[in-house]
Amino acid sequence: RMRPFLLADPHAASWDLARRGVGTAQAFVDLLPERVAHVTALDLAHNRIRHFHGAGLAAAFPALTSLDLRCNLLRALAHVPATVRTLRLAGNKLRCVGARLWLPRVCVLDLSDNEVGNAGALAVACLARRCAGLRELRVALNWIGDPGALALVGAAKAHPALVLLD
């Protein structure tokens, strides 16, 4: 189902694979004939991705700066390519993101409309402190109560680059 798209314009810098029936990110990577060094943006939104471990994605897309995984079925996120600056994860089923995640270059992190609770918010606050370039952190429409909100506000106040906490 995806192969015709890949052959249609293999030199595009931005690949839109939203609503293409992608089941796993690894299955998508396995379709690639080789490394795709010119692609900087990958849209995998509105698919059926349940598990995401981006190690294969990092190897296949070494220049990837924008990754859109909105509205999938993600419950966990194990690894994201270190080159990613914009990470959109809204509309999944994520409960905890951040504790072990390493996003050294991320500027925009959208976790809105997930299932993040207080424990997840604490992990996100820790992650935000480790992301020096983070400018936007979106966490609206989650299950965050007062303790989680206080942790996020504390992280936002202490963060030199963060301009938006939603």
Query raised in the report: If you measure from NE2 on His51 to CG on Leu77, what distance do you get to the nearest 0.5 Å?
Result: 12.5 Å
Query raised in the report: Would Val84 end up clustered with Leu127 when hydrophobic side chains under 4.5 Å apart are linked, directly or stepwise?
Result: yes
Report task. Kindly indicate, with the supporting measurements, whether the criterion side-chain contact (heavy atoms from CB on, under 4.5 Å) is fulfilled by Leu74 and Ile49. Result -> CA-CA 6 Å; Leu74 291 173; Ile49 300 172; 3.8 Å; yes
Query raised in the report: So, do Trp15 and Val36 sit near enough that their side-chain heavy atoms are less than 4.5 Å apart?
Result: yes
**Report entry** Straight-line distance of Leu57 CG to Leu44 CG, nearest 0.5 Å
**Finding:** 7.0 Å
Query raised in the report: Do the side chains of Ile144 and Val124 get nearer than 4.5 Å, heavy atoms only?
Result: no
Query raised in the report: Taking side chain as C-beta onward, heavy atoms only, is Glu136 less than 4.5 Å from Asp166?
Result: no
Report task. Work out which heavy atom in Ala121 is nearest to a heavy atom in Gly148; give both atom names and the distance. Result -> CB-CA, 3.6 Å
Query - Approximate separation, where rounding is to 0.5 Å, of Leu109 CG and Leu164 CG - result: 11.5 Å
Query - Heavy-atom pair of closest approach, residues Ala37 and Ala63 - result: O-CB, 3.3 Å
Query - Minimal non-hydrogen separation, Gly91 against Asn114, with atom names - result: N-ND2, 4.0 Å
Requested in this report: Quick one: closest heavy-atom pair of Asn142 and Leu111, and the distance?
Outcome: ND2-O, 3.0 Å
Query - Spacing of CH2 belonging to Trp143 relative to CG belonging to Asn118, to within rounding of 0.5 Å - result: 12.0 Å
Report task. Check whether any side-chain N or O of Thr65 sits under 3.5 Å from a backbone N or O of Thr40 as a donor-acceptor pair, and report yes or no. Result -> yes
Report task. Nearest 0.5 Å please: distance from the CG atom of Asp43 over to the CG atom of Asp16. Result -> 4.5 Å
Query raised in the report: Any side-chain heavy-atom pair from Leu165 and Val139 closer than 4.5 angstrom?
Result: yes
Query - Pairwise distance OG(Ser112) to CZ(Arg70) - rounded to 0.5 angstrom - result: 9.0 Å
Query raised in the report: Under 3.5 Å, side chain of Asn47 to main-chain N/O of Asn72, donor-acceptor pair present?
Result: no
Report task. Taking the side chain as every heavy atom from C-beta outward, state whether Lys93 and Arg50 have any pair of such atoms under 4.5 Å apart. Result -> no
Report task. Using a 4.5 Å cut-off on heavy atoms from C-beta on, say whether the side chain of Val106 contacts that of Val80. Result -> no
Query - Closest non-hydrogen atom pair, Arg88 against Val108 - result: NH1-CG1, 3.8 Å
Show me the side-chain donor-acceptor pairs of residues 150-159 shorter than 3.5 Å, one per line, residues at least two apart or across chains.
residue	atom	partner	partner atom	Å
His159	ND1	Ala161	N	3.1
His159	ND1	Leu162	N	3.2
His159	NE2	Ala128	O	3.2
His159	NE2	Cys131	O	2.7

Report task. Give the minimum heavy-atom separation between Ala82 and Pro104, together with the two atoms involved. Result -> O-CG, 3.7 Å
